[in-house]
Structure formats: C-alpha cells, structure tokens
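Presented below is the structure to which this report refers.
Because the structure is a prediction, the values reported are computed rather than measured.
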Amino acid sequence: MHLADGPQDFADVDTALATLEEALTARAQSDAQAAGAADIQLHVARDVRTAGVEAREVFVEATVTVEVSGRPRVAEG
C-alpha cells in the first residue's frame with residue numbers, strides 16, 4: 001500500500017484495506033473540517049480485484065474511495 005509516508009507491506013488484504021480506509025478517512029475528515037464543514041457525512045467504497053490462479057483467488061489490486069460531505073458552518077455574531 002502506498003501512503004504519504006511511503007509504501008507499506010501487509011501479510012493480508014483485510015489488514016491493508018482497513019489501514020488504508022482509516023488513513024483516508026482521517027485525512028478526508030480533517031480536510032472537510034479545515035474547509036469549514038459541519039455535520040460531516042462519510043461514505044467509503046472499496047473496489048477489490050482478484051484473479052483465479054490454480055483454483056484459488058489471488059489479490060490483484062484494490063481502490064478505496066472515501067468521500068465526505070457536510071454543510072458549511074454558519075458564522076455567529
């Protein structure tokens with residue numbers, strides 16, 4: 001997996017995807033808050049691709065997409 005601090009290797013796909021999802025979620029929420037969003041809604045989608053090789057499924061690649069949305073904060077005062 002490729003993150004901002006460099007590539008990381010994982011022994012299993014589930015751990016790698018969970019780690020990536022966590023990193024992307026934190027970054028997206030941080031960016032949304034910095035942009036002034038409130039009541040942030042989160043949507044995560046995974047597109048995992050595998051191939052059948054010698055009667056077993058082999059992981060090829062995955063794309064994880066994290067989208068956040070929220071209303072702009074209303075200024076008080």
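Remark: Gln8 CD is packed, more than 12 non-hydrogen atoms of other residues, nucleotides or ligands lying under 6.0 Å away.
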Report, one line per pair, each donor and acceptor closer than 3.5 Å where one atom sits in a side chain of residues 43-51; sequence neighbours left out.
unit_1 : atom_1 : unit_2 : atom_2 : d
Arg46  : NE     : Glu21  : OE1    : 2.9
Arg46  : NH2    : Glu21  : OE1    : 3.1
Asp47  : OD2    : Arg49  : NE     : 3.4
Asp47  : OD2    : Arg49  : NH2    : 3.2
Thr50  : OG1    : Glu57  : OE1    : 2.7

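By the 4.5 Å side-chain criterion applied to Ile, Leu, Val, Met, Phe, Trp and Tyr, Val58 is assigned to a cluster that also includes Val53.
Under the side-chain contact (heavy atoms from CB on, under 4.5 Å) criterion, Ala28 pairs with Val66, Val68, not counting sequence neighbours. For Thr15, the side-chain hydrogen bond (donor to acceptor under 3.5 Å, both in side chains) partners two or more places apart in sequence, or in a different chain, are Asp12. Ala23 meets the side-chain contact (heavy atoms from CB on, under 4.5 Å) test with Leu3; sequence neighbours excluded.
Sequence neighbours left out, the pairs with a member in residues 28-42 that pass salt bridge (Lys or Arg N to Asp or Glu O under 4.0 Å) are Arg27-Asp31.
The CD1 atom of Ile40 lies 4.5 Å from the CD atom of Gln33; values are rounded to the nearest 0.5 Å.
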